[in-house]
*Asks:* 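Below is a structure I'd like to ask you about.
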Amino acid sequence: MLLEVKDLHAGIDGKEILKGLNLHVQKGEVHAIMGPNGSGKSTLSKVLAGHPSYEVMSGEVIYEGKDLLEMEPDERARDGVFMAFQYPVEVPGVSNSQFLRLAYNEKMKHTGGEELDPLEFNDYLKEKAKIVEMDPQFFKRSVNEGFSGGEKKRNEILQMAVLEPKLAILDETDSGLDIDALRIVAEGVNKLRSADNAIILVTHYQRLLNYIQPDFVHVLANGKIVKEGGKELALELEEKGYDWVKGAAV
Amino acid sequence: MTSATMETLFGQCFRDSIVSETDAMVKALREEAFSYYAATGFPTVRDEDWKYTNVAEIAKGEWPCTQMRTSLPDDDPRPRVMLENFRFGRNGFTALNLAFADISVVVIPRETSVAEPIELDLSAAEGEMASPHVIVIAEAGSKATIVETYRSGGRGLMNSAVQIVVEENANLTHYRVQRDAADAYNYGVTEVTVGPAARYDLTSVNLGGAISRHDIDAKLIAEGGEIWVDGLYMLSGSQHHDTHSSIDHTVPNCNSHQTYKGVLNDSSRGVFNGKVFVRENASGTDAQQQNKNLLLSNDARVDTKPQLEIFNDDVKCSHGATVGQLEDEELFYLLTRGLPETLARNLLTYGFAEEIINKIEIESIKSELDSMVLNRLGTEI
């Protein structure tokens, strides 16, 4: 088991948002977490990534046999957990390539891989950038600064490509994307999908799932998973709306 | 030593040196400036303009003066006029500068684009006072870059003045890098006059010195002029830096941009005082000013005062100042990419400083400053 979330209760500012969430993720799987606004989707992403503002009241998260909740956000990242942000943060004055190389080398230090110097890394990055059709012009620019919404999301997927996580959580990666950007981002994710990693897609809408076919769909309402099924569940949801599952329990 | 005996030391030095000044006009100016200094002495914290910068330890020091030097061209009256108009009465430092000035002139000929940067390497020897006074005339249609570097190796007193005129359609880029030793003292004034459709772009980087202050006095005197006055002060230990700037829009349709950033660690102290004047007839002015400070320690402190004085309604102006710590969301973002917290903090701080350093288009200077910033942060990237 790559990730096991057991009866997770968590929230922010003393307010419980996740109220007993269970989730099992194996390598090679793509899970979609769907739900209306306020259902706790973002809280789940933030808790898995280790955001300091969120607190876990009870429950367990086991990642590769380790207690994920005991790990600092950066340790989780070096150990293969990645979250693509809904609102990627701008980091003025730091170039994309500097930033990515540092992150890559930190991971290599941790996993015993080979660190790359700027020239070597640039070649590596060029290859990876093809996955999201990103122009190398973006390497020199400050991280996300002045990027359009679509460029920021592509940049998130580029980071995923560079860091090759074992578990990638894509938090509302489809929000704010036009149809072309959505296609590029989704195709990027599909290229990165493999038998060695798992992806959790957190999304409000079904449309992303037209491009990235999930193995499992979980519907979140009121801090709990209220319905689970295969990819056809997403279509059913799209048709019937979230009111259909609200109040229901698995 | 009291300031009275100090005057005597400078006075002795001045009387010994002034006899060899053969240029009558300059001699008169020097005498006038020295009398001003003798009457007022160094500024004190009782002067409103020096409220936050205490130079008592400079005033107490014994500073043997260096030789006066005057090299003004015979066939060009402009440098003399500029020298006569130098506001030596700004404070005791400026008066001392003119009294003991080592005067030199740089002329960038009209319609000439100078590819190689013009370098001014200035430093004060250990225990001595240096008083360079540089006059720069960027003639009409010229284009050049000036690199003014301060690199005093020990506890010397640098007291400099740079007067600049940017004539019609000229474009002058000015990098001013102060990287004195941590126990040096540095005062400098930059006076700039920007002519019709001319452009002046200053990037001032302040890293060194125990006590340093830079006064900038920029005037837009003809339509279409453009000024950039940007800077960084990055301080640690007990360093003190003060930037006072004045940008004066005296005519319509000019613009000015100012971004100053401060990174303060340990018990260092920064002062930013930026005035922008928009005079009565300066309609169509576009003036932006901001000062952002990052405090890396609880003991660091900054006093910032951006000031806009507008006497015309048809203008676009903005100003602001911030003092704060690193943004939590930025830090979290970097952590989620696997950067250890110390590295993440250093990288964000570096990025904050880089916004100014990235303006420098000479790769060798930029990369040297990059390393100095990283070194200051104790990190490598």
Side-chain angles (χ1 to χ4, degrees), chain A residues 45-46 48-54 71-111 118 140-145 152 155-156 158-160 162-165 168-169 171, chain B residues 203 205 230-232 234 259-263 290 292-294 296 322 324-361 363 366-367 369-374 376-381:
Chain A
S45 308
K46 298 271 172 57
L48 293 178
H51 195 290
S53 301
Y54 289 80
M71 297 161 73
E72 294 295 330
D74 53 317
E75 291 177 74
R76 300 180 194 196
R78 290 191 295 273
D79 237 2
V81 178
F82 178 86
M83 176 172 82
F85 281 50
Q86 181 178 4
Y87 303 108
V89 177
E90 297 186 3
V91 189
V94 177
S95 77
N96 232 356
S97 56
Q98 276 175 328
F99 170 54
L100 285 170
R101 189 172 68 86
L102 283 174
Y104 178 84
N105 282 345
E106 285 300 325
K107 189 184 170 181
M108 289 301 117
K109 264 184 220 166
H110 178 72
T111 57
K140 287 205 159 184
R141 286 175 53 183
S142 293
V143 180
N144 294 327
E145 197 184 36
K152 284 182 180 171
N155 207 28
E156 293 293 285
L158 173 62
Q159 293 177 23
M160 175 179 163
V162 166
L163 297 173
E164 299 182 332
I169 303 141
D171 189 9
Chain B
T203 307
V205 178
D230 298 321
L232 169 72
M234 188 166 187
T259 302
Y260 258 73
K261 292 184 129 186
V263 179
Q290 55 173 340
K292 293 185 189 173
N293 296 281
L294 194 53
L296 302 179
T322 59
Q325 276 91 38
L326 293 170
E327 296 285 335
D328 288 343
E329 285 306 309
E330 291 182 9
L331 184 62
F332 178 63
Y333 188 63
L334 266 53
L335 293 176
T336 64
R337 287 356 182 200
L339 303 188
E341 184 168 339
T342 307
L343 178 60
R345 286 184 180 279
N346 285 339
L347 189 63
L348 290 174
T349 307
Y350 167 79
F352 181 87
E354 279 304 285
E355 273 196 288
I356 299 298
I357 292 177
N358 278 340
K359 270 190 74 195
I360 296 175
E361 287 173 2
E363 195 47 44
K366 188 192 155 330
S367 66
L369 290 174
D370 281 349
S371 324
M372 288 178 75
V373 167
L374 290 169
R376 186 65 68 89
L377 295 169
T379 197
E380 278 180 51
I381 63 166

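Values below: every heavy atom of this structure, side chains too, minus hydrogens, waters and symmetry copies. Residue numbering restarts at 1 for every chain, and letters A, B, ... go by the order of the sequence lines.
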*Asks:* Looking at CG of A:Asp74 and CG of B:Leu331, how far apart are the two atoms once the value is rounded to the nearest 0.5 Å?
*Replies:* 9.0 Å

*Asks:* What residues of residues 353-360 of chain B make heavy-atom contacts with chain A at a cutoff under 4.5 angstrom?
*Replies:* B:Glu354, B:Glu355, B:Asn358

*Asks:* Check whether A:Val162 gets within reach of chain B through its side chain, its backbone, both or neither, counting any heavy atom under 4.5 Å.
*Replies:* neither

*Asks:* What part of B:Glu341 lies closer than 4.5 angstrom to a heavy atom of chain A: side chain, backbone, both or neither?
*Replies:* backbone

*Asks:* Could you pull out the closest heavy-atom pair between A:Ala77 and B:Gly338, with the gap in Å?
*Replies:* CB-N, 3.3 Å

*Asks:* Measuring heavy-atom distances to chain A, does B:Tyr333 have an atom under 4.5 Å in its side chain, in its backbone, in both, or in neither?
*Replies:* both

*Asks:* Does any non-hydrogen side-chain atom of B:Phe332 lie less than 4.5 Å from one of A:Val89?
*Replies:* no

*Asks:* Please check if any side-chain donor atom of B:Tyr350 sits under 3.5 Å from a side-chain acceptor atom of A:Gln98, or the reverse.
*Replies:* yes

*Asks:* Where on A:Leu102 is there a heavy atom nearer than 4.5 Å to chain B: the side chain, the backbone, both, or neither?
*Replies:* both

*Asks:* Under 4.5 Å from any heavy atom of chain B, what part of A:Glu90 do you find: side chain, backbone, both or neither?
*Replies:* backbone

*Asks:* Count the heavy-atom pairs under 4.5 Å between each of A:His51, A:Arg78, A:Arg101 and chain B, then report the option with the highest count.
*Replies:* A:His51

*Asks:* Which pair of heavy atoms, one from A:Val91 and one from B:Leu348, lies closest together, and at what distance?
*Replies:* CG1-CD2, 3.5 Å

